[in-house]
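Before any comments, here is the structure.
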Amino acid sequence: METRFEKIRPSNYEGKSPVDLYYNCIAWAMGKKDSRWWPATIGGYRWPKKLPRQKPGEETLPNFISAFKRLGYKVIPKKDYSLEKGFEKVAIYVKGNQNPTHAARQLDSGIWTSKIGEEEDIEHSSPAVLEGLLYGAVAVVMKRTIKN
């Protein structure tokens with residue numbers, strides 16, 4: 001991890017699962033492990049009905065925001081990574097022309113979790129530690145009420 005992410009250090013992340021090709025970072029951020037979620041036009045990916053499928057490199061942040069809104073998330077006005085009692089947060093990363101690249105989810109401990117490509121799930125101290133050349137930067141943070 002330290003060779004792929006400029007800001008990550010052994011002190012701010014921990015591997016939490018074996019490699020699993022069945023799901024990806026978007027599915028993991030959505031709290032799902034049932035399949036790979038992405039708005040790809042090619043087969044093998046799930047995406048919410050009535051949201052557009054998009055060609056590689058043409059994915060849009062509004063499409064990803066809409067997908068998370070269907071799960072009850074709302075955009076918060078600033079990038080607030082703090083733990084808020086009763087809420088679950090996700091961070092969506094973008095690169096280039098605001099093309100989404102990754103998503104992370106906050107756990108009830110305040111630690112963040114990510115599925116790294118086809119590799120393992122990790123827990124990390126903040127969404128900021130994954131920002132850099134590979135994933136770009138966090139563009140938006142969303143939150144939803146935790147259902148008990």
Side-chain angles (χ1 to χ4, degrees), residues 1-8 12-81 83-84 87-108 110-147:
M1 293 294 161
E2 294 90 354
T3 60
R4 295 186 347 196
F5 298 101
E6 299 88 355
K7 298 177 184 176
I8 208 161
N12 62 18
Y13 91 97
E14 180 180 355
K16 288 298 196 179
S17 75
V19 171
D20 190 331
L21 306 177
Y22 197 66
Y23 62 99
N24 64 357
C25 65
I26 302 304
W28 186 243
M30 290 177 164
K32 302 174 182 290
K33 290 176 71 171
D34 60 347
S35 61
R36 300 170 66 80
W37 285 72
W38 198 262
T41 54
I42 59 172
Y45 291 92
R46 293 186 69 184
W47 198 243
K49 290 180 178 163
K50 298 187 181 179
L51 287 182
R53 295 290 187 148
Q54 299 169 314
K55 294 178 183 175
E58 295 179 4
E59 299 92 346
T60 65
L61 183 58
N63 196 15
F64 280 71
I65 289 171
S66 293
F68 279 96
K69 280 183 175 180
R70 291 200 176 181
L71 298 172
Y73 287 94
K74 295 180 181 177
V75 174
I76 58 176
K78 65 177 190 165
K79 293 182 211 171
D80 180 2
Y81 304 147
L83 179 63
E84 290 183 57
F87 291 94
E88 179 179 67
K89 294 182 180 179
V90 295
I92 302 173
Y93 297 70
V94 297
K95 258 179 94 167
N97 294 323
Q98 296 293 297
N99 301 109
T101 56
H102 182 69
R105 174 173 40 95
Q106 189 178 45
L107 300 172
D108 59 7
I111 297 293
W112 290 77
T113 182
S114 288
K115 170 79 159 99
I116 305 299
E118 295 181 344
E119 295 181 28
E120 64 187 326
D121 306 331
I122 67 168
E123 290 182 1
H124 45 99
S125 58
S126 166
V129 302
L130 297 183
E131 291 182 323
L133 295 174
L134 188 60
Y135 288 153
V138 173
V140 66
V141 177
M142 302 177 75
K143 71 179 183 181
R144 70 176 174 187
T145 303
I146 297 173
K147 297 175 184 168

Shortest non-hydrogen contact between Ser125 and Val129, atoms and distance
OG-CG1, 3.7 Å
Closest contact, heavy atoms only, Leu61 versus Val94
CD1-CG1, 4.1 Å
List for me each residue that meets side chain to side chain contact (heavy atoms under 4.5 Å, CB included) alongside Ile76, sequence neighbours excluded, and say none if there are none.
Asp80, Lys89, Val141, Lys143
Within the structure provided, determine whether Tyr45 and Arg53 are in side-chain contact (heavy-atom separation under 4.5 Å).
yes
Would a distance-only check, ignoring hydrogens and angles, find a side-chain to backbone donor-acceptor pair under 3.5 Å from Arg144 to Leu71?
yes
Asp121: side chain to side chain donor-acceptor pair (under 3.5 Å) partners, not counting sequence neighbours
Ser17, Tyr23
By the salt bridge (charged side-chain N to carboxylate O under 4.0 Å, His left out) test, which pairs, at least two apart or in different chains, include something from residues 55-79?
none
Residues passing the side chain to side chain contact (heavy atoms under 4.5 Å, CB included) test with Lys95, sequence neighbours excluded, are Thr101
Partner set under side chain to side chain donor-acceptor pair (under 3.5 Å) for Thr60, not counting sequence neighbours
Gln54
I'd like to check the side chain to side chain contact (heavy atoms under 4.5 Å, CB included) partners of Ala67; sequence neighbours left out, ordered by chain and number.
Met30, Trp47, Pro48, Leu51
Check side chain to side chain donor-acceptor pair (under 3.5 Å) between Asn99 and all other residues, then give those that pass, not counting sequence neighbours.
none
Looking at residues at least two apart in the chain, or sitting in another chain, which of them share a side chain to side chain contact (heavy atoms under 4.5 Å, CB included) with Leu133?
Glu6
List, one per line, each side-chain donor-acceptor pair under 3.5 Å for residues 111-118, sequence neighbours excluded.
unit_1 : atom_1 : unit_2 : atom_2 : d
Thr113 : OG1    : Trp28  : NE1    : 2.8
Thr113 : OG1    : Ile122 : O      : 3.2
Ser114 : OG     : His102 : NE2    : 3.0
Ser114 : OG     : His124 : NE2    : 2.7
Lys115 : NZ     : Asp20  : O      : 2.7
Lys115 : NZ     : Gly117 : O      : 3.4
Lys115 : NZ     : Glu119 : O      : 2.4

Scanning both residues in full, the closest heavy-atom pair of Phe68 with Ile92 reads CD1-CD1, 3.8 Å
Phe64 versus Trp38: any side-chain heavy-atom pair under 4.5 Å?
yes
Once side chain to side chain donor-acceptor pair (under 3.5 Å) is applied, do any residues pair with Arg46, and if so which ones, sequence neighbours excluded?
Asp34
Closest heavy-atom contact between Tyr93 and Pro127?
OH-O, 2.7 Å
How long is the gap from OG1 on Thr145 to CZ on Phe87, to the nearest 0.5 Å?
4.5 Å
Is there any salt bridge (charged side-chain N to carboxylate O under 4.0 Å, His left out) pair reaching into residues 128-138, and which pairs are they, with sequence neighbours excluded?
Lys7-Glu131
